[in-house]
Amino acid sequence: MIDVRLNNVSQLAGFAKRDDLKYFLKELCNAEYVHSPELAPTKDILNAYKKGDMPWNVYEDKFLNLMGQRNIEKSIKPVLLDHGCLLCSEHEPHLCHRRLVVEYLNQHSDLDLKVKHLY
């Protein structure tokens, strides 16, 4: 499980807080937990979008540019993504930064990642 949330310990995360996820994933699924904040938007970008001060298309453009500035294609190891699952808190797949991460990595690396949203 690759946690791509900016804040993985917030009270709003409920049972999905970092330490709880680490424990339950290991105990119930024998799976590892990794927090990858470099795959999350900045607080400024996220807050502007959530407050309605930034439309999705601007958010998308800013986040794609941010991933380019971060060179995530060089820092994220393909083995991490092999059978990996990206976790964030967005409910709507079409407004999901996980999708943008996958699209960006597919364009800027030799990876061929697929998106499957779990509801």
Task: hydrophobic_cluster_shared for Leu100 and Val58, side chain cutoff 4.5 Å - done: yes

- [ ] Check whether any side-chain heavy atom of Glu27 lies under 4.5 Å from a side-chain heavy atom of Lys22, and answer yes or no.
- [x] no

Task: Side chains of Tyr49 and Leu95 in contact at under 4.5 Å (non-hydrogen atoms) - done: yes

- [ ] Quick one: pull up CE in Met67 and CG in Leu64 and give me the separation to the nearest 0.5 Å.
- [x] 4.5 Å

- [ ] Determine whether Ser36 and Asp3 make a side-chain contact, defined as any pair of heavy atoms from C-beta on separated by less than 4.5 Å.
- [x] no

Task: Donor-acceptor pair, side chain of Glu92 and main chain of His94, under 3.5 angstrom - done: no

Task: Side-chain ion pair, Arg98 and Glu90, N-O less than 4.0 Å - done: no

TODO: Quick one: closest heavy-atom pair of Tyr33 and Asn8, and the distance?
DONE: OH-ND2, 2.9 Å

Open item on the list: Rounded to the nearest 0.5 Å, what separates atom CD in Glu73 from atom CG in Asn106?
Closed with: 12.0 Å

Task: Between CG on residue Leu87 and NE2 on residue His35, distance to nearest 0.5 Å - done: 9.0 Å

TODO: State plainly whether one hydrophobic cluster holds both Val9 and Val34, where clusters connect Ile, Leu, Val, Met, Phe, Trp and Tyr through side-chain heavy atoms under 4.5 angstrom apart.
DONE: no

Task: Atom pair CD1 (Ile76) and CD1 (Ile2), whose distance is rounded to the nearest 0.5 Å - done: 7.5 Å

Open item on the list: Measuring only between side-chain heavy atoms, which start at C-beta, is Leu66 closer than 4.5 Å to Thr42?
Closed with: yes

TODO: Identify, with sequence neighbours excluded, every residue that meets side-chain contact (heavy atoms from CB on, under 4.5 Å) alongside Leu6.
DONE: Ala40, Lys43, Leu46

Open item on the list: More than 12 heavy atoms of other residues, nucleotides or ligands under 6.0 Å from CG of Asp82: yes or no?
Closed with: yes

Open item on the list: Within the 3.5 Å criterion, strictly below it, is a donor on Asn65 or Tyr104 matched to an acceptor on the partner's side chain?
Closed with: no

Task: Minimum heavy-atom distance between Arg5 and Ala16, given as atom pair plus value - done: NH2-O, 2.6 Å

TODO: Measure the CE-CD1 distance between Met54 and Ile45 for me, rounded to the nearest 0.5 Å.
DONE: 6.0 Å

Open item on the list: Test of understanding: clusters of I, L, V, M, F, W, Y form through side-chain heavy atoms closer than 4.5 Å, transitively. Do Met1 and Leu80 belong to the same one?
Closed with: no

TODO: Give the minimum heavy-atom separation between Arg70 and Leu39, together with the two atoms involved.
DONE: NH1-N, 4.2 Å

- [ ] Any chance you could measure Glu32, atom CD, to Leu21, atom CG, to the nearest 0.5 Å?
- [x] 13.0 Å

TODO: Work out which heavy atom in Pro41 is nearest to a heavy atom in Tyr59; give both atom names and the distance.
DONE: CG-OH, 3.3 Å

TODO: Check whether any side-chain heavy atom of Leu105 sits under 4.5 Å from a side-chain heavy atom of Leu81, and report yes or no.
DONE: yes

Task: Set of residues satisfying side-chain contact (heavy atoms from CB on, under 4.5 Å) with respect to Lys74, sequence neighbours excluded - done: Asn71

